[in-house]
Amino acid sequence: MTSPAGPGTAARGPGALASSGGPPPARKRAPLAPEPSGVHQLGGSFLQIAATVGGMAVLAGQIATRVATLRVDGAEFMRNLYRMGFKSMPIVIVTALFTGAIMVIQAAPLVERFGAHGLLGWGAGFGTLREIAPLLTALMINGRVGANNTAELGTMVVTEQIDALRVLAIDPVSFLIAPRFLAMVLTLLLSVIFADALALVGAALTGDLLLGVAPAVFYNGLTSGLLGIGDVMSGLVKSVVFGVVLALSSCQYGLGVTGGAPGVGRAVNATVVASAAGIFILDYFVSFTLD
C-alpha cells in the first residue's frame with residue numbers, strides 16, 4: 001500500500017529538510033551568565049578579606065595556646081631562626097647602610113643652606129630609628145622570609161605532609177607553625193636593631209664624605225638630647241608588630257593553599273601583597289598611638 005501523500009513520497013523530518021538544502025533548524029543557546037555587578041564584587045572581596053583575617057585570628061589563638069603551654073618544638077625553632085635570621089643578614093646590611101646614606105643625602109641641602117651641621121645626626125637618626133629602618137627591614141624580610149615560608153607550607157599541604165603529621169599524632173601547630181612564628185618575630189626584632197646601628201654608621205660615613213661632618217659631631221648631635229629612648233622604642237615596637245603580621249599572614253596563606261602547584265604560586269603572591277598592605281596600615285595606627 002502507498003501512503004496518502006502519493007507513491008514514492010517519504011515523510012520528511014528536520015534532518016531531511018537540512019539534507020535537501022533548506023534552512024537548518026534553530027538551536028537553542030544556553031543563556032549567558034550575567035556579569036557580577038560592582039556591588040557583588042565588592043561584597044565578595046569583603047567576605048574574602050574577612051575570612052582571611054578571621055583565619056589569622058584563629059591561628060594566632062592556636063599559636064598563643066601552644067606558646068603558653070610550652071608546646072613548641074625547640075629544634076625546629078632554632079633551625080628556622082638560623083634560616084630566617086642569620087641568612088637574611090646580607091640583605092639587611094645592604095639595606096641599612098644605604099638607608100642611612102640616603103637620609104644624609106636628602107638632608108644635605110638644608111644642612112648646607114642653614115649651616116646646621118650639628119643637627120645632622122639628629123635629623124638622620126630621628127627618621128631612621130622611628131620609621132625608615134623598621135619599615136624597609138620588614139619589607140625586605142617579607143620578600144625573602146615570608147614568601148619562602150608560604151611556599152614551604154603550601155607545598156606541604158599540596159603533598160599531604162601536613163595530613164601525614166596528623167596521622168602520626170604530631171600537632172602541626174606545635175611542630176611547624178609556632179616555631180616559625182616565633183622565629184620570624186624574633187628575626188625581625190633583631191634585624192631592626194642591627195639595621196638601626198648600621199644605618200647610623202652609613203649616615204655618619206656619608207656625612208663625613210659629602211658634608212665634612214666628623215663622625216664625632218654626627219654622634220654628638222644624635223645623643224645631645226633631641227633624640228630620646230622613646231624614639232628608639234617606637235621603632236622596636238613597630239618591628240614586633242610587623243613581625244606578627246608577616247608570620248600570621250605567611251602561615252595562614254600557606255596552610256590555606258588549594259589547587260596544586262598553581263595554588264602555591266597564588267598563595268605566595270597573596271602573602272607578599274597582604275603583608276605589605278598590613279605593614280603600612282598598622283604602621284599608621286601604631287605611629288598614631290605612640291605619638
Side-chain angles (χ1 to χ4, degrees), residues 56 59-60 63-64 66-68 70 72-100 103 125-150 176-203 222 227-252 271-272 274-291:
M56 291 172 61
L59 184 61
I63 294 173
R66 269 65 169 187
V67 173
L70 300 180
V72 179
D73 190 273
E76 186 71 10
F77 168 72
M78 295 304 298
R79 187 182 73 84
N80 281 281
L81 189 61
Y82 168 78
R83 184 170 55 87
M84 296 178 178
F86 182 78
K87 290 191 174 183
S88 298
M89 284 297 103
I91 188 63
V92 172
I93 292 173
V94 173
T95 302
L97 288 176
F98 280 94
T99 296
M103 296 296 293
F126 183 82
T128 300
L129 297 179
R130 289 182 63 93
E131 188 66 36
I132 304 301
L135 189 62
L136 292 183
T137 304
L139 293 178
M140 292 297 104
I141 296 297
N142 177 35
R144 185 191 181 277
V145 176
N148 183 68
N149 185 50
T150 301
L176 287 177
I177 309 304
R180 291 168 184 258
F181 175 87
L182 295 177
M184 200 173 299
V185 174
L186 186 58
T187 290
L188 194 51
L189 175 61
L190 297 178
S191 297
V192 169
I193 295 175
F194 193 51
D196 286 343
L198 287 178
L200 295 178
V201 171
L222 187 65
L227 194 67
I229 188 64
D231 299 312
V232 180
M233 293 303 299
S234 175
L236 297 182
V237 170
K238 289 180 180 181
S239 69
V240 174
V241 175
F242 296 163
V244 172
V245 173
L246 293 181
L248 289 178
S249 177
S250 62
C251 291
Q252 173 64 24
T271 296
V272 174
S275 298
I279 287 172
F280 284 109
I281 293 173
L282 289 178
D283 186 22
Y284 169 80
F285 287 105
V286 173
S287 299
F288 184 80
T289 303
L290 295 180
D291 291 343

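Atoms considered below: every heavy atom in the structure, side chains included; atoms not considered: hydrogens, waters and symmetry mates. We number each residue from 1, following the sequence as shown.
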Item checked: Euclidean distance, F126 CZ relative to S234 OG, rounded to 0.5 Å -> 8.5 Å
Next item on the list: State, yes or no, whether a side-chain contact exists between R130 and S287 at a heavy-atom distance under 4.5 Å.
Entry: no
Margin query: Test your reading of the model: is there a side-chain donor-acceptor pair from N148 to the backbone of V145, 3.5 Å cut-off?
Written below: no
Note to self: The test is side chain to side chain contact (heavy atoms under 4.5 Å, CB included); show your working for L139 and F280 and say whether it passes.
What the structure shows: CA-CA 10 Å; L139 293 178; F280 284 109; 4.1 Å; yes
Next item on the list: Of all the heavy-atom pairs spanning I177 and C251, show the shortest one and how long it is.
Entry: CG2-SG, 3.9 Å
Item checked: Interatomic distance, L246 atom CG to F181 atom CZ [nearest 0.5 angstrom] -> 10.5 Å
Item checked: Donor-acceptor contact present, side-chain S239 to main-chain L236, <3.5 Å -> yes
Notebook entry, point to check: Hey, does L282 have a side-chain heavy atom less than 4.5 Å from the side chain of V244?
Noted result: no
Notebook entry, point to check: If only atom types and distance count, is the side chain of S250 paired as donor or acceptor with the main-chain N or O of A247 below 3.5 Å?
Noted result: yes
Notebook entry, point to check: Does atom CZ of F98 have more than 12 heavy-atom neighbours from other groups under 6.0 Å away?
Noted result: no
Note to self: With rounding to the nearest 0.5 angstrom, report the OG1 to CG distance, T137 to D196.
What the structure shows: 7.5 Å
Check: Sequence neighbours excluded, which residues qualify as salt bridge (Lys or Arg N to Asp or Glu O under 4.0 Å) partners of R83?
Finding: E152
Check: Is any side-chain heavy atom of V192 closer than 4.5 Å to a side-chain heavy atom of V240?
Finding: no
Check: Between CD of E131 and NZ of K238, what distance do you get to the nearest 0.5 Å?
Finding: 3.5 Å
Margin query: With a 4.5 Å cut-off on side-chain heavy atoms, are D283 and F242 touching?
Written below: yes
Check: Does one side chain, of S249 or T271, offer a donor that lies under 3.5 Å from an acceptor on the other?
Finding: no
Checklist line | Side chain proximity check, M84 to N149, heavy atoms < 4.5 angstrom | finding: yes
Margin query: Could you measure the distance from the CG atom of L136 to the OG1 atom of T99? Nearest 0.5 Å is fine.
Written below: 4.5 Å
Next item on the list: Using side-chain contact (heavy atoms from CB on, under 4.5 Å) as the criterion, list what pairs up with M140, not counting sequence neighbours.
Entry: I91, T95
Notebook entry, point to check: For F77 and R180, what are the C-alpha separation, side-chain angles and deciding distance, and is it a side chain to side chain contact (heavy atoms under 4.5 Å, CB included)?
Noted result: CA-CA 6 Å; F77 168 72; R180 291 168 184 258; over 6 Å; no
Checklist line | Distance-minimising heavy-atom pair for L188 and A138 | finding: CD1-CA, 3.8 Å
Checklist line | For A195 against V92, the heavy-atom pair lying closest together | finding: CB-CG1, 4.1 Å
Checklist line | Closest non-hydrogen atom pair, G125 against L200 | finding: CA-CD2, 3.9 Å
Checklist line | CE/M78: more than 12 non-hydrogen atoms of other groups inside 6.0 Å | finding: no
Next item on the list: Starting at CG of N80, measure out to CE of M184 and round the result to the nearest 0.5 Å.
Entry: 8.0 Å
